[in-house]
Amino acid sequence: MIGREERAAGIARRLDLFYPDARCELDFNTPWQLLAATILSAQCTDVRVNLVTPELFRRWPTPEAMSRADLAEVEEVIHSTGFFRNKARALRDGARMLVADHGGELPRSIEGMIDLPGVGRKTAKVVLGEAFNIPAGIAVDTHVKRLAGRFGLSDETDPDRVAGDLEGLLPKTRWVGFSLRVVLHGRRVCTARKPQCDDCILEGVCLKRNI
DNA sequence: ATCCCGAGGG
DNA sequence: CCCTCTGGAT
């Protein structure tokens with residue numbers, strides 16, 4: 001049985017080779033639009049988020065515009081992404097905070113981002129990493145949480161604890177890419193219900209495959 | 001621990 | 001019908 005450090009390095013290396021051009025698949029033009037799309041992506045596929053954001057960003061392209069938006073109109077546009085009341089309020093009230101306290105720009109720290117409504121550590125890490133290239137941490141969503149367990153890289157269930165384990169196993173320079181590739185692998189191969197282990201490139205380094 | 005919430009797959 | 005989708009707030 002190989003140790004966690006060795007397994008983490010081996011998995012990261014193979015994912016790098018197999019998904020060389022992994023990138024964020026949400027559509028956006030500005031950092032604030034990425035934040036908005038990431039808020040909408042909670043418990044929702046990015047494909048569906050990309051279906052509603054063109055209209056959302058056409059009508060409210062900036063925090064200034066969103067800060068003055070009618071809540072019911074925002075709810076109507078984002079309805080199909082689910083949790084639409086919470087998300088609409090988070091978008092408008094967060095935009096008001098950005099305009100009032102941050103000059104319409106995004107905070108560049110996890111603490112600043114988490115102060116915004118609808119923004120937790122996962123969303124903060126995604127936006128800081130993708131928009132500003134700040135490796136604030138490994139974003140642990142449903143995919144990263146599931147695969148970290150199957151890989152044998154964490155025994156935790158709390159996303160923040162899983163993130164702590166992974167961040168201790170991988171160098172900071174690989175954090176952003178690792179998250180993107182694990183999510184991609186989780187969607188395409190290591191799915192929640194019927195994982196396609198026969199088509200998986202991680203044989204020999206994944207704990208689940210070694211059992 | 002529970003609630004928020006719609007859409008698609010099996 | 002049940003599970004899952006790049007979660008967050010109470």
Side-chain angles (χ1 to χ4, degrees), chain A residues 15 19 21-28 31 33-53 55-56 71-72 74-98 106-107 110-131 134-151 153-154 156-164 166-167 170 174-196:
Chain A
L15 290 177
Y19 304 109
D21 53 354
R23 60 174 190 84
C24 176
E25 297 194 12
L26 294 170
D27 297 333
F28 63 97
Q33 291 184 0
L34 170 63
L35 172 63
T38 308
I39 288 172
L40 294 181
S41 75
Q43 300 293 288
C44 178
T45 62
D46 52 356
V47 172
R48 178 149 300 280
V49 173
N50 290 336
L51 245 39
V52 308
T53 45
E55 174 71 3
L56 185 74
L71 212 46
V74 178
E75 289 179 358
E76 185 180 353
V77 171
I78 69 172
H79 179 274
S80 68
T81 65
F83 298 153
F84 59 90
R85 292 187 187 88
N86 290 348
K87 289 174 179 176
R89 186 166 288 282
L91 290 178
R92 193 197 60 179
D93 293 352
R96 290 182 175 176
M97 283 180 61
L98 291 174
L106 297 194
I110 289 192
E111 291 69 25
M113 292 288 296
I114 288 180
D115 266 349
L116 299 169
V119 179
R121 302 189 69 82
K122 181 264 173 185
T123 298
K125 290 173 178 179
V126 168
V127 174
L128 291 172
E130 185 69 23
I134 299 173
I138 292 180
V140 176
D141 65 346
T142 179
H143 293 299
V144 177
K145 177 180 165 180
R146 180 179 71 251
L147 269 61
R150 289 179 180 172
F151 290 169
L153 297 181
S154 179
E156 303 288 348
T157 55
D158 174 66
D160 289 334
R161 291 180 177 274
V162 175
L166 296 177
E167 289 160 11
L170 295 164
R174 309 193 89 159
W175 286 358
V176 173
F178 185 77
S179 282
L180 291 171
R181 292 184 175 97
V182 171
V183 170
L184 209 53
H185 194 62
R187 289 208 319 240
R188 296 182 181 176
V189 181
C190 196
T191 50
R193 273 195 265 187
K194 284 168 43 186
Q196 311 292 310

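Letters A, B, ... mirror the listed sequences (proteins, then strands); counts begin at 1.
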Please give, in whole Å, the distance from B/dC5 P to A/Arg85 CZ? 5 Å
Between the main-chain N or O of A/Leu26 and the side-chain N or O of A/Asn50, is there a donor-acceptor pair closer than 3.5 Å? no
CZ of A/Arg89 to CG of A/Leu91: how many Å apart, nearest 0.5 Å? 11.5 Å
What nucleic acid atoms does A/Val119 come within less than 4.0 Å of, heavy atoms only: base, sugar-phosphate, or nothing? sugar-phosphate
Can you check nucleotides 8-10 of chain B for protein contacts, nitrogen or oxygen pairs under 3.5 Å, and list what you find?
{"from": "B/dG8", "atom 1": "OP1", "to": "A/Arg48", "atom 2": "NH2", "distance (Å)": "3.0"}
{"from": "B/dG9", "atom 1": "N2", "to": "A/Arg193", "atom 2": "NH1", "distance (Å)": "3.0"}
{"from": "B/dG9", "atom 1": "N2", "to": "A/Arg193", "atom 2": "NH2", "distance (Å)": "2.9"}
{"from": "B/dG9", "atom 1": "N3", "to": "A/Arg193", "atom 2": "NH2", "distance (Å)": "3.4"}

Would you classify A/Thr81 as touching base, sugar-phosphate or nothing, given that sugar-phosphate means primed atoms plus P, OP1 and OP2, and contacts are heavy atoms under 4.0 Å? nothing
Reckon A/Thr123 touches a base, only the sugar-phosphate, or nothing at all at heavy-atom distances under 4.0 Å? sugar-phosphate
Need one value for A/Phe83: base, sugar-phosphate or nothing, where a base atom within 4.0 Å counts as base even if backbone is also close, heavy atoms only. base
Distance between the P atoms of B/dG10 and C/dT6, in whole angstroms? 15 Å
For the pair A/Thr191 (side chain) and A/Lys194 (backbone), establish whether a donor and an acceptor sit closer than 3.5 Å, ignoring hydrogens and angles. yes
A/Ala139 near the nucleic acid: base, sugar-phosphate alone, or nothing, with a heavy-atom cut-off under 4.0 Å? nothing
At 4.0 Å (heavy atoms only), tell me whether A/Arg89 reaches a base, stays on the sugar-phosphate, or touches nothing. nothing
Going by side-chain hydrogen bond (donor to acceptor under 3.5 Å, both in side chains), name the pairs with one or both residues in residues 138-148 of chain A, residues two or more places apart or in two chains. A/His143-A/Arg146
Roughly how far, to the nearest 0.5 Å, is the OH atom of A/Tyr19 from the CG atom of A/Leu180? 12.5 Å
Heavy atoms under 4.0 Å, any strand shown: does A/Ile78 hit a base, just sugar-phosphate, or nothing? nothing
Measure the spacing between CD of A/Gln196 and SG of A/Cys190 and express it to the nearest 0.5 Å. 10.0 Å
Determine the interatomic distance between C1' on C/dC3 and the same-named atom on B/dC5; round to the nearest Å. 15 Å
What's A/Leu180 touching, base or sugar-phosphate or nothing? Going by heavy atoms closer than 4.0 Å. base
dist A/Asp21:CG -> A/Leu184:CG (nearest 0.5 Å) comes out at 8.5 Å
Chain A footprint on DNA chain C, 5' to 3' - any atom under 4.0 Å from a heavy atom: C/dC3 to C/dA9
Tell me the interatomic distance from A/Asn86, atom CG, to B/dT2, atom C1', rounded to whole angstroms. 13 Å
Of A/Ile114 and A/Asp46, the one whose closest DNA chain C nucleotide lies more 5': A/Asp46
d(A/Leu128 CG, A/Arg121 CZ) to nearest 0.5 Å is 10.5 Å
From A/Ile114 atom CD1 to A/Lys125 atom NZ, the distance as rounded to the nearest 0.5 Å: 8.5 Å
What integer distance in Å separates A/Glu76:CD from B/dC5:C1'? 17 Å
